[in-house]
Amino acid sequence: MNVSDSERIAGCLEELGFVRTEKREKANTVIVTTCGVRQSAEDRAYGIIPKIKKANSSVKIVLTGCLAGRADVQKRLKDSVDIWLPINELAGLGKILRKRLEIAAPLARLGARNDRKGSLGGYLKINPKYESPISAFVPIGNGCNNYCAYCVVPYARGREVYRPAEDILAEVKGLIKKGYKEVILIAQNVNSYRSSVITQKTTGSLRRRSAPPQDDSGAVNFADLLKMVNDIPGDFWIRFATSHPKDMSEELIKTIAECEKACHQIHLPAQAGDNEMLRRMNRKYTREHYLKLLKKIRLALPDVSISTDVIVGFPGETRKQFKNTEKLFRQARFDQAYISQYSPRPGTAAAKLKNNVAKTEKKRREEALMKILRRTALANNKKYIGKNMEVLLEGTRKGIFFGKTKTGKNVRIKDVSNHPVGQFVMVKIKSAEDFGLEAVLENKTAPEPKRGGRRIFNRR
Ligand code: SF4
């Protein structure tokens, strides 16, 4: 999400007449998009920001993201930061920068229009400056209503706001026209997506409906949105994140299986494998629910790759409770996992609890999960050996091309020197590591993707 925020910030800066420089010492303005989800991310901001100011004392530093609204952070970085811009005020970025930095240029169109405090809807209308020419993040919403006990997101970003389906479809169509090969639909919880008004003009295949947003029977949900994006003509893949295990519906699983452009890669944060810990984290599902969900997903998408987030050492987590998380890891057979040692986030419910698991024990738990993960990921990857796969070439480093399969596996390819980055190619997988595959080029290009007739999608 922060990458996507930064792309929109860059788009706004360009509208104001700013030019990007790769050298911080030459910049007159630096905008830092901070993340406060983990202490390590927060520490990076404390390291980097004073360094920028020290190297270039005339630079104006704008701090946005999760940390911008925190009094303790403001106190700590008061000598380095010039403008504090909470993430839910990003809609007014253009206007704020123009005023505070005394920019003489006319007020940017977007900055002038979207200056409502707390309105992320306006911010999502800013034309982003995409970092990659191949793959683009497309935010479909922002904020979260779930209030997991350890998480700052609902406080930093506010409650859920979703983008109208028409705006999302227009952005995706524009990207495909420019030659993008992959769109990544993002929101804190894509499964809660709701949009109400769809016009035939935008979708080409949809009837107009005007159900109010709160009326679920008339609203467009995430499965509907996925079908609509899938129906946009062009050769491209669709990824999405993040899915909340309590909200992932059977309808969505079926839709992913039916949409030929939807990638079989699902990020499904488990956070813990013990029911008492899940209850205390306010996750609103059980380990049994999680495992049952995985079973349904794997039944519908046998080649799916599953990644997860997990926290070790949440306040009060006993060794016995942690063993249940180890067990979940073995049962779930994850392809990837982002394992975090718990750190209290100011303002959250868990911050009031005693952070009573020792650092060394957190480290031990992290390593124990990592060990299981490496085993399951390698076993999953070995199944790819000898298979022909379609890969999207993403770049080249030291003479080796790299790309991703539709299941999100990183692939290194040795012999594609004539193939420009941004193409789909067919490869044969030769070997597997824990978190990557090695392949050789199989055919010159990937076959045309199977395209059924354009589906006509009508609401039930
Ligand atoms: Fe945070 Fe929970 Fe919302 Fe995810 S679902 S963003 S962990 S509050």
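For ligands, and for the atoms within them, numbers begin at 1 and follow the listed sequence. Atom set for the values below is all heavy atoms of this structure, side chains included, hydrogens, waters and symmetry mates excluded.
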Which atoms from ligand 1 have a heavy atom of [X] less than 4.0 Å away?
| X | result |
| --- | --- |
| His244 | 5 (S) |
| Tyr147 | 8 (S) |
| Gln188 | 6 (S) |
| Val153 | 6 (S) |

Between Thr33 and Ser6, a side-chain donor and acceptor under 3.5 Å: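 Yes, side-chain donor-acceptor contact under 3.5 Å.
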Specify side chain, backbone, both or neither for [X], according to which of its non-hydrogen atoms lie closer than 4.0 Å to ligand 1.
| X | answer |
| --- | --- |
| Arg283 | side chain |
| Pro154 | side chain |
| Tyr150 | side chain |

Chi angles and distances behind the ring-ring contact (aromatic ring centres under 6.0 Å, His included) call for Tyr338, His267: CA-CA 10 Å; Tyr338 304 95; His267 184 62; 5.8 Å; yes
Quick one: do [X] and [Y] make a salt bridge, cutoff under 4.0 Å?
| X | Y | value |
| --- | --- | --- |
| Lys409 | Glu433 | no |
| Glu42 | Arg70 | yes |
| Arg365 | Glu361 | yes |
| Glu182 | Arg239 | yes |

message: What protein heavy atom lies closest to atom 1 (Fe) of ligand 1? Include the residue and the distance to one decimal.
response: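 Scanning the protein heavy atoms, the shortest distance from atom 1 (Fe) of ligand 1 goes to Cys151 SG, 2.3 Å.
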message: Is the distance between the ring centroids of Phe137 and Tyr130 under 6.0 Å?
response: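 Ring-ring flag for Tyr130/Phe137: false, centres at least 6.0 Å apart.
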query: Quick check: does Cys144 put an N/O/S atom under 2.8 Å from atom 1 (Fe) of ligand 1?
result: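 No, since none of the N, O or S atoms of Cys144 sits under 2.8 Å from atom 1 (Fe) of ligand 1.
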message: If I take every N, O or S atom of Cys148, is at least one of them less than 2.8 Å from atom 3 (Fe) of ligand 1?
response: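 Of the N, O and S atoms in Cys148, none lies under 2.8 Å from atom 3 (Fe) of ligand 1, which means no.
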